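Any value given below was found using the heavy atoms of this structure, including those in side chains, with hydrogens, waters and symmetry copies removed. What you are looking at is a predicted structure, and each value in this text was computed from that prediction instead of being measured. Here is the naming used below: chain letters follow the sequence lines, and residue numbers restart at 1 for every chain.
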Amino acid sequence: MPNHDPLLDGLNEPQRKAVEHTTGPLLILAGAGSGKTRALTHRIASLIHQGVPPWQILAVTFTNKAAKEMKTRITNLLHITDPNSPMDSGSSLTSQSAKLPVMGTFHSVCARILRRDITHLGRDRTFIIYDTDDQERLMKEVMRELKIDETELKPKATLGYISRFKSEAVNPAEARKQATSERMEQVVLAYSAYEKALRRNNAVDFDDLILETVRLFVEVPAILERYQATWRYINVDEYQDTNHAQYLFVTLLAGKEKNLCVIGDPDQSIYAFRGADIRNILEFQKEYPNAAQIKLEQNYRSTQLILTASDAVIACNPGRPQKAMWSSRKEGPKVLVNEVRDERAEGEEVIRLAKQRVTEGVALREQVVLYRTNAQSRLIEEACMHAGLPYRILGGVKFYARREVKDILAYLHLIMNVHDTVSLLRIINVPSRKIGDTTLEKIQEWNRDQNLPLWEALQNADRVPALNEGTITRIKGFVELLRDLQLSAQSLAVSALTEKLLRTIGLEKWLRDDTEEGEERWQNVLELLSVMKKYDTLEPEVSLSSFLEEVALVSEVDKLADNNEDALTLMTLHLCKGLEFDAVSIVGCEENIFPHASCLWDKEQLEEERRLMYVGMTRAKTHLTLFCARSRMLWGQTQVNAPSRFLSDLPESVTERRSDTVLSAFSWASEKGEERATAHKPLEPYRQAEPTSIQFNQDLNFGEEASQETVEEGSRVEHAVFGQGTVTAVRGGVADIEFDNGKKKSFALSIAPLKIL
DNA sequence: CGTCAAGCCCTTTTT
DNA sequence: GGGCTTGACG
């Protein structure tokens with residue numbers, strides 16, 4: 001036996017420790033870019049190499065993409081160490097499963113458990129996973145029934161509360177005890193009715209996937225023991241972003257042997273808004289007093305300059321655990337802080353810079369543009385289109401959420417599970433069958449006494465007195481159509497089934513209405529069909545259900561996994577966690593945008609915004625550019641926001657500050673004239689690269705700080721550029737002002753050149 | 001029952 | 001500014 005182990009080769013000391021620590025609880029604090037995926041894959045490969053059967057290992061990752069990549073890397077590692085290991089090529093979906101550990105997101109792992117064992121909770125295996133859109137439809141129905149005024153309590157908001165309850169593993173009964181306000185009492189009422197409705201529809205929502213699994217473990221100990229005996233080694237990545245329900249899942253599962261390895265970085269916790277509890281990782285050692293702790297502090301990704309800059313930003317957060325990140329990479333270019341006139345100039349600059357990087361040898365696929373809110377993507381997208389630059393947007397209107405795609409999915413859901421009323425109501429009249437709301441109301445009215453599931457009520461349509469002959473025939477026709485498709489589902493794989501569906505309902509003709517949108521819709525349908533082909537090798541029954549499952553659980557970043565096209569990537573800061581790029585541009589670094597206006601008044605939320613900035617910055621290997629615009633069109637109004645506080649936290653020594661203007665201080669805000677100036681004479685920003693002060697507002701101030709005095713609704717003010725006007729509203733440090741010439745604009749009080757009259 | 005237009009609210013972030 | 005819902009009409 002040689003002294004060195006290939007599975008330890010090329011690892012640094014703490015990484016080695018992580019690989020060698022195989023039994024008992026282990027906490028790995030892994031800073032950004034510290035090679036934690038490397039440590040984790042080597043650890044798992046090493047376990048297998050030591051004789052632990054792969055199926056005894058569970059690894060929970062943050063995205064399916066991460067799981068997939070780790071599988072590939074482990075496969076490669078094991079090839080090296082054991083050439084005789086019969087690894088297959090991974091061409092089909094199932095063939096690898098026995099040779100490799102179970103890896104996936106919390107949601108996909110739990111879905112898998114529930115598909116197998118939910119019957120022990122008295123529920124049906126054919127359950128449907130509802131997405132946000134389905135949830136909202138169901139909630140609207142529920143609230144209508146409860147006669148809760150939708151304008152008082154919005155369905156979306158209600159679902160938000162419910163999701164919070166579920167992520168904290170609080171059931172309706174317990175929620176009722178907590179409810180103190182009338183509003184919360186209504187929410188709780190809706191919560192329990194919503195739960196019942198989910199059961200009726202044989203559906204679960206995202207949160208249920210975790211919570212129902214926890215319930216299964218708690219209520220049926222024998223099942224828990226079975227899974228404990230199966231998964232003896234448990235690894236959880238991105239542990240700082242787990243919620244309480246996920247914590248319970250992990251704790252229960254690891255309860256017996258406690259071979260639990262959790263990895264994370266408290267500085268990268270950015271999902272508190274959906275119930276992530278940073279205490280899970282901070283208190284891990286309280287939970288497991290004998291837990292080993294390993295810190296990965298060497299950064300292999302970024303240049304030292306980027307590291308210094310991002311450390312300076314995150315260092316402003318109080319109460320962080322000690323961490324000393326360092327990089328052996330050479331210094332690299334400075335962090336560029338690019339101040340531009342407005343959001344359009346920002347888009348143009350981003351694209352210009354991306355093109356310039358390409359000429360410097362950085363491929364487009366190695367570049368990313370990050371923003372705080374999805375709404376900001378539109379401008380960048382337009383700039384890309386205008387410049388003819390290939391781009392790819394993650395998030396926003398998701399492919400599977402497009403109307404035509406959802407319609408087809410609704411048919412497929414219904415074929416699998418006729419009790420899915422949300423899907424049924426969605427497509428009963430798509431394409432138009434002349435079964436409209438009036439008809440459905442008549443059926444529901446009749447059904448009030450019968451109390452049948454809607455699907456069965458439809459089958460008895462001829463007994464509904466209020467319906468005429470023609471309507472009854474049309475309903476019967478629809479019922480027949482579905483029955484026929486259900487029959488086909490037993491012998492056809494999902495793509496063939498869908499092709500038959502499309503033919504029968506004449507969807508192509510319905511969608512292709514000679515408009516551009518119609519054509520696009522049809523193209524989306526064809527794309528959906530091509531995704532389905534992957535599932536054609538499976539048995540018909542599993543083909544449909546596994547397709548639907550994957551569709552329900554793919555995340556946006558998963559799309560990057562098998563996409564090699566050379567394009568600029570656009571995504572939100574939240575989505576970029578775990579990814580890396582040669583060049584990163586973060587746009588909209590302005591107060592009220594990033595940090596977002598809704599976070600400015602809450603200390604903890606502000607800290608989370610800062611962590612989000614840290615995550616964004618640490619994605620960059622070599623080039624990092626931060627954009628801020630002096631004015632920005634938002635909600636149809638021009639806002640003037642101060643540069644983000646995060647920008648002022650950057651050390652001067654590692655930043656280069658640029659501005660696109662040498663125009664006089666007043667001209668940037670002048671209206672029409674300024675637009676004409678750019679149209680006729682494109683700016684050449686890099687000619688005058690001498691750093692302009694980022695605090696442009698100082699030139700404009702009238703001396704007195706307007707914000708220090710009270711500005712309220714009705715105040716008369718004078719603006720340095722726009723003249724006199726009246727304040728119409730003040731919220732969150734931003735004032736809406738109606739000027740005497742009729743113009744309406746919004747200003748951040750802390751910075752706008754305003755004088756109170 | 002389907003289409004069109006006016007008015008609404010909106011923007012945090014996602015599996 | 002814009003996407004989506006709601007309401008009036010054909």
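- Within 4.0 Å of A/Leu612, counting heavy atoms only, lies no atom of the nucleic acid at all.
- By the side-chain hydrogen bond (donor to acceptor under 3.5 Å, both in side chains) test, A/Arg144 pairs with no residue at all, sequence neighbours left out.
- Taking atom CG of residue A/Asp241 and atom P of nucleotide B/dT15, one finds them 12 Å apart after rounding to whole Å.
- B/dT13 atom P lies 12 Å from atom CD of A/Glu556, rounded to whole Å.
- Using a 4.0 Å heavy-atom criterion, one finds that A/Asp131 contacts no nucleic acid atom at all.
- Rounding to whole angstrom units, NZ of residue A/Lys577 and P of B/dT14 are separated by 12 Å.
- Nucleic acid contact for A/Glu608: none, since no nucleic acid atom lies under 4.0 Å from a heavy atom of the residue.
- If you take CG of A/Leu211 and C1' of B/dT15, they are 15 Å apart, rounded to a whole angstrom.
- When heavy atoms are screened at a 4.0 angstrom cut-off, A/Phe62 is found touching no nucleic acid atom at all.
- Atom NE2 in A/His574 sits about 8 Å away from atom C1' in B/dT14, given to the nearest Å.
- In this view, A/Arg645 and A/Glu591 satisfy the side-chain hydrogen bond (donor to acceptor under 3.5 Å, both in side chains) rule, not counting sequence neighbours.
- Every residue was checked against the side-chain hydrogen bond (donor to acceptor under 3.5 Å, both in side chains) condition with A/Glu441, not counting sequence neighbours, and none meets it.
- Atom OH in A/Tyr271 sits about 8 Å away from atom C1' in B/dT15, given to the nearest Å.
- The salt bridge (Lys or Arg N to Asp or Glu O under 4.0 Å) search around A/Arg137 returns A/Asp133, not counting sequence neighbours.
- Mapping A/Ala552 and A/Cys599 onto DNA chain B by nearest heavy atom places A/Cys599 at the nucleotide closer to the 5' end.
- For the OP1/OP2 pair of B/dT15 and a distance below 4.0 Å, the side-chain nitrogens and oxygens of A/Asn243 include no atom meeting the criterion.
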With the criterion being N/O to N/O and under 3.5 Å, what pairs connect the protein with nucleotides 2-11 of chain B, and how long is each?
from   : atom 1 : to       : atom 2 : distance (Å)
B/dG2  : OP1    : A/Asn429 : ND2    : 3.4
B/dG2  : OP1    : A/Ser432 : OG     : 2.5
B/dT11 : O2     : A/Trp635 : NE1    : 3.3
B/dT11 : N3     : A/Trp635 : NE1    : 3.4

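- With sequence neighbours excluded, the residues that form a salt bridge (Lys or Arg N to Asp or Glu O under 4.0 Å) with A/Glu590 are A/Arg632.
- The side-chain contact (heavy atoms from CB on, under 4.5 Å) check on A/Arg378 picks up A/Glu382, with sequence neighbours excluded.
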Exercise for review: Could you go through the ring pair (Phe, Tyr, Trp, His ring centres under 6.0 Å) check for A/Tyr371 and A/Phe594 one step at a time?
Suggested key: CA-CA 8 Å; A/Tyr371 35 81; A/Phe594 187 30; over 10 Å; no
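- If you take CZ of A/Arg274 and C1' of B/dT14, they are 5 Å apart, rounded to a whole angstrom.
- A cation-pi arrangement, defined by a distance under 6.0 Å to the six-membered ring centre and an angle within 45 degrees of its axis, is absent between A/Arg164 and A/Phe273.
- Here the C1' atom of nucleotide B/dT13 and the CZ atom of A/Arg164 are 13 Å apart, to the nearest Å.
- With its ring centre under 5.5 Å from that of the base six-membered ring and a plane angle below 30°, A/Phe273 counts as stacked on B/dT13.
- No engagement by A/Gln246 is indicated, since no non-hydrogen atom pair under 4.0 Å with the nucleic acid exists.
- Qualifying salt bridge (Lys or Arg N to Asp or Glu O under 4.0 Å) partners for A/Glu508, counting only residues two or more places apart in sequence or in other chains: A/Arg512.
- Running 5' to 3' along DNA chain C, contacts with non-hydrogen atoms of chain A at under 4.0 Å begin and end at C/dG1 to C/dG2.
- Sparse packing is recorded around NZ of A/Lys156, with 12 or fewer heavy atoms of other residues, nucleotides or ligands lying under 6.0 Å away.
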